[in-house]
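Residue numbers run from 1 in the order of the sequence given.
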Amino acid sequence: MDLRQQEKQQERRREEQPERGTGGGGAVSGAAFTEAMSWLVSGVAVVSARRGDGRPSGLLVSSVCSYSADPPSVLVALARTSRTCREITAGPGPDVHFGVHLLARSHAALARTFAGSSGDKFADVLWDWDGTVPRLAGVPVYAKCRAGAVLPHGDHVIVVGEVVGCAVAEDDPLVYFRRRLDWSLGG
């Protein structure tokens, strides 16, 4: 089947499926929105920070992107209820640093650890301090960031981090699609 036939077949399937998720007045349910966004392919990252008691904190995010080249900055969206979000957004501004760790395909188990809500996610993980930032070992991309703008919206907070240090190693990315962490680019 050639590409044109595949596209026509996919279009037919979309037309046959009823539209889901809109209620009266055009409102979209949270479940419908979550389902729609599950179709967005993204990489995943662990965001880490130092807690007030000096221990490391971290969580898995799929909402991370480059934001600016001048100054080098990233944008991350953090659940308001997460301890890591509270540590990054409650600090005294320019002294607050956090880490963004882009994960490799081989890091699915690490991703699941940081997606969970266990008490000490760092207990069985190789890591060290980079100043005040918990830095995971063996990740292909690590960016040390200084917390900048904080934009609360809904159940998340958007944080702009100015990148003050960066390390890159070649590896295949861990890709998140349709609530699965086992997809890979190119097969």
Side-chain angles (χ1 to χ4, degrees), residues 33-34 36-108 110-111 113-115 121-122 125-177 181 183-186:
F33 175 75
T34 300
M37 291 297 99
S38 78
W39 285 82
L40 179 63
V41 177
S42 68
V44 291
V46 171
V47 174
S48 65
R50 181 177 170 189
R51 292 173 31 172
D53 63 8
R55 296 182 6 213
S57 179
L59 77 157
L60 186 73
V61 300
S62 60
S63 296
V64 59
C65 64
S66 63
Y67 180 69
S68 172
D70 187 19
S73 303
V74 296
L75 182 146
V76 295
L78 306 170
R80 281 182 191 259
T81 56
S82 75
R83 180 178 300 155
T84 305
C85 178
R86 289 190 301 270
E87 297 301 332
I88 293 171
T89 60
D95 296 332
V96 176
H97 290 82
F98 63 95
V100 175
H101 309 79
L102 301 184
L103 303 184
R105 187 163 73 181
S106 61
H107 292 132
L110 181 65
T113 296
F114 282 92
K121 297 176 186 179
F122 287 81
V125 173
L126 292 175
W127 69 280
D128 202 353
W129 290 106
D130 177 12
T132 60
V133 177
R135 180 178 179 176
L136 300 177
V139 297
V141 177
Y142 165 72
K144 181 177 181 180
C145 303
R146 179 177 33 251
V150 175
L151 309 162
H153 184 78
D155 58 359
H156 278 63
V157 174
I158 298 167
V159 178
V160 176
E162 290 188 18
V163 178
V164 297
C166 191
V168 179
E170 193 68 29
D171 208 338
D172 292 330
L174 181 60
V175 178
Y176 185 65
F177 176 66
L181 288 168
W183 295 91
S184 63
L185 299 175

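- Interatomic distance, Leu151 CG to His156 NE2, rounded to the nearest 0.5 Å: 14.0 Å.
- When every heavy atom of Ala49 is checked against every heavy atom of Glu87, the shortest pair comes out as CB-CB, 4.4 Å.
- Note that CG of Leu102 and NE2 of His107 are 11.0 Å apart. Values are rounded to the nearest 0.5 Å.
- Residue Asp53 places its CG atom among more than 12 non-hydrogen atoms of other residues, nucleotides or ligands, all under 6.0 Å distant.
- In this structure, CG in Leu75 is found 10.5 Å from SG in Cys145, a value given to the nearest 0.5 Å.
- Nearest approach of Val133 to His97, heavy atoms of both residues: CG2-CB, 3.5 Å.
- One distance of note links CZ of Arg146 with CZ of Phe98; it measures 10.5 Å at 0.5 Å rounding.
- Atoms CZ and CG, from Arg86 and Leu78 in turn, are 11.5 Å apart once rounded to the nearest 0.5 Å.
- Formation of a donor-acceptor pair under 3.5 Å by the Lys121 side chain with backbone atoms of Phe114 is found in this model.
- For the pair Gly58 and Thr84, the tightest heavy-atom approach, listed with the atom from each and the gap, is N-OG1, 3.1 Å.
- Closest approach of Asp171 to Pro140, counting heavy atoms only: CB-CB, 3.8 Å.
- Inter-residue side-chain proximity for Val157 and Ile88 is flagged as unmet; no heavy-atom pair is nearer than 4.5 Å.
- Of all heavy-atom pairs between Phe122 and Pro134, the closest is CE2-CB, 3.8 Å.
- In this structure, CH2 on Trp129 lies 5.5 Å from CZ on Arg50, to the nearest 0.5 angstrom.
- For the pair Ser48/Leu136, no side-chain contact is recorded, criterion being any heavy-atom separation below 4.5 Å from C-beta on.
- Taking every heavy atom of both residues into account, Ala167 and Arg135 meet most closely at CB-NH2, 3.4 Å.
- Side-chain atoms of Val139 and Leu103, non-hydrogen and from C-beta on, do get closer than 4.5 Å to each other.
- Between the Ser73 side chain and the Pro71 main chain, a donor and an acceptor come within less than 3.5 Å of each other.
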